[in-house]
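Quick notes on the structure that follows.
Side-chain atoms are counted along with the backbone in the values below, which use heavy atoms only and exclude waters and symmetry mates. All of these numbers come straight from a predicted model, not from anything done at the bench. Order of listing sets the numbers, starting from 1, for every ligand and every atom in it.
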Amino acid sequence: MHFSQLRRVAPDGANKKTSRVRVAVRLRPYMGKQDEKDEGPCVRGLDSQNLEIINWRNAMETVKYHFDVFHGEQTTQQEVFLSSVKPILPHILGGQNASVFAYGPTGAGKTHTMLGSSEQPGVIPRAVREVFNLVKAKDEEEGWDYSIGMSYLEIYNEKVLDLLSPGSQDLPIREDKDKNILIPGLTHTTISSFSDFDKHFIPASLNRTTASTKLNHRSSRSHAILLIKVVRTLHAFPYRQQTGKLYLVDLAGSEDNRRTGNKGIRLKESGAINLSLFTLSKVVDSLNSGTAIRVPYRDSKLTRLLQDSLGGSAHSVMITNIAPEYKYYFDTFSALNFAAKSKLIVNKPFTQETVAVPVLPVKRARENHEVGGSGT
Ligand code: ADP
Ligand code: MG
């Protein structure tokens, strides 16, 4: 036996620092209503990493944003999964942690992205299927036994509630000596197949939706957190064990923090601020700026729970969902400012795309449905 086998097992590649949170932006299709005047979109994609939005300070300008990935309105559920989520899943089987979040204002497509529908399944069903496939494809000869389990919880008003055990009380969040975060008392169910997963997940999701309509749009103010845990154990002595966690999170609507009424941007000073969402944006900011003296994980329940799966050696992806209609303008602006790697004010009127402007070599936006959008 090698001495190294007696140490706490370091997950594969754990020494590699990969603490940045990858940021993808997904723009949903325009959904104009018949009875509203059709103003067209105020935001549009430029290419696979850039988009632009009208500058409200000056309509003759647009603000151009750069991200790790931009998914335009034609992007399918399959494409979002393949580019933003599938690549991180193999790490879970090797004992590493990961998290995928959907961020953005209510109505911009978070639930569509994470859950989807039976015709257009989202990230959650696709990721769970893929984890089962990956485990099935593992070679017996490697000597590991795999077991997959799930938990499903909600954070609402800084309370942690077990969605697999209706009527549960606020649960505590703890850290063990190895710095793993855990929730004693949270239901954790072993699942043996995708249909087994569905059997537990569907009723729990329905419970949440029904409760939400009674409780004043609770679903847009709470974070729904699905945990998929993969534990693998070596057949032979010393029976090494590794645990990999995958968090799939449909976040509360980001508009809660930033806007009251529809007349402008204003931070609510009351207790109505969603502390967890606000802290998450600080945590992502400090991880991505690389200048963090202290990452404020402990300031909220959500970030405390995700401490071992966000930053550090974990693989994290934030999918920021935005909507193209004008009524979302300020929410979109705040979501983009939170998500962007960089932004640039460009002196080019949004609606006059056919005018050739030498300073900005505007790439033809593939999915753009702007007026006069075929010039240059
Ligand atoms: P959120 O969860 O952020 O509040 P939803 O996912 O409920 O937003 O989306 C709002 C509406 O827009 C829903 O009717 C949803 O089906 C639709 N929608 C969102 N994203 C897309 C998309 N990419 N393609 C088609 N429809 C979408
Ligand atoms: Mg939703």
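Every atom of ligand 1 is numbered from 1 in the order shown, and the set under 4.0 Å from a heavy atom of Pro105 is 3 (O).
What sits closest to atom 8 (O) of ligand 1 on the protein, heavy atoms only, is Gly109 N, 3.0 Å.
The aromatic rings of Tyr152 and Phe201 sit tilted relative to each other, their planes meeting at an angle between 30° and 60°.
Within a 4.0 Å radius of atom 13 (C) of ligand 1, the protein has no heavy atom.
A heavy-atom separation below 4.0 Å is not found between Gly104 and ligand 1. For Arg26, the heavy-atom gap to ligand 1 drops under 4.0 angstrom.
Using a cut-off of 4.0 Å between Lys/Arg side-chain N and Asp/Glu carboxylate O, Glu73 and Arg28 are scored as not salt-bridged. For Arg232 and Asp145, the salt-bridge test fails: no basic side-chain N is under 4.0 Å from an acidic carboxylate O.
For the atom pair Leu51 CG and Arg26 CZ, the distance stands at 14.5 Å (nearest 0.5 Å).
The count of protein N, O or S atoms under 2.8 Å from the Mg ion (ligand 2) stands at 1, with waters excluded from the count.
Closest approach of Trp56 to Tyr329, counting heavy atoms only: N-OH, 2.9 Å.
Not one N or O of Thr106 is nearer than 3.5 Å to an N or O of ligand 1, by distance alone. Between Gly107 and ligand 1, at least one N/O pair is under 3.5 Å apart. Between Lys110 and ligand 1, a contact under 3.5 Å exists for at least one N or O pair.
In this structure, Arg129 forms a cation-pi arrangement with Phe194, its terminal cationic atom sitting closer than 6.0 Å to the ring centre and no more than 45° off the ring axis.
The shortest side-chain heavy-atom distance between Leu93 and Pro90 does not fall under the 4.5 Å cut-off. Side chains of Asn97 and Ile92 form no contact here, defined as non-hydrogen atoms less than 4.5 Å apart.
Between atom 11 (C) of ligand 1 and the options Glu73, Met31, His112, the minimum heavy-atom separation is to Met31.
Looking at Ser300 and Thr303, their side chains do bring a donor and an acceptor atom within 3.5 Å of each other.
Remark: Glu130 engages no residue in a salt bridge (Lys or Arg N to Asp or Glu O under 4.0 Å) (not counting sequence neighbours).
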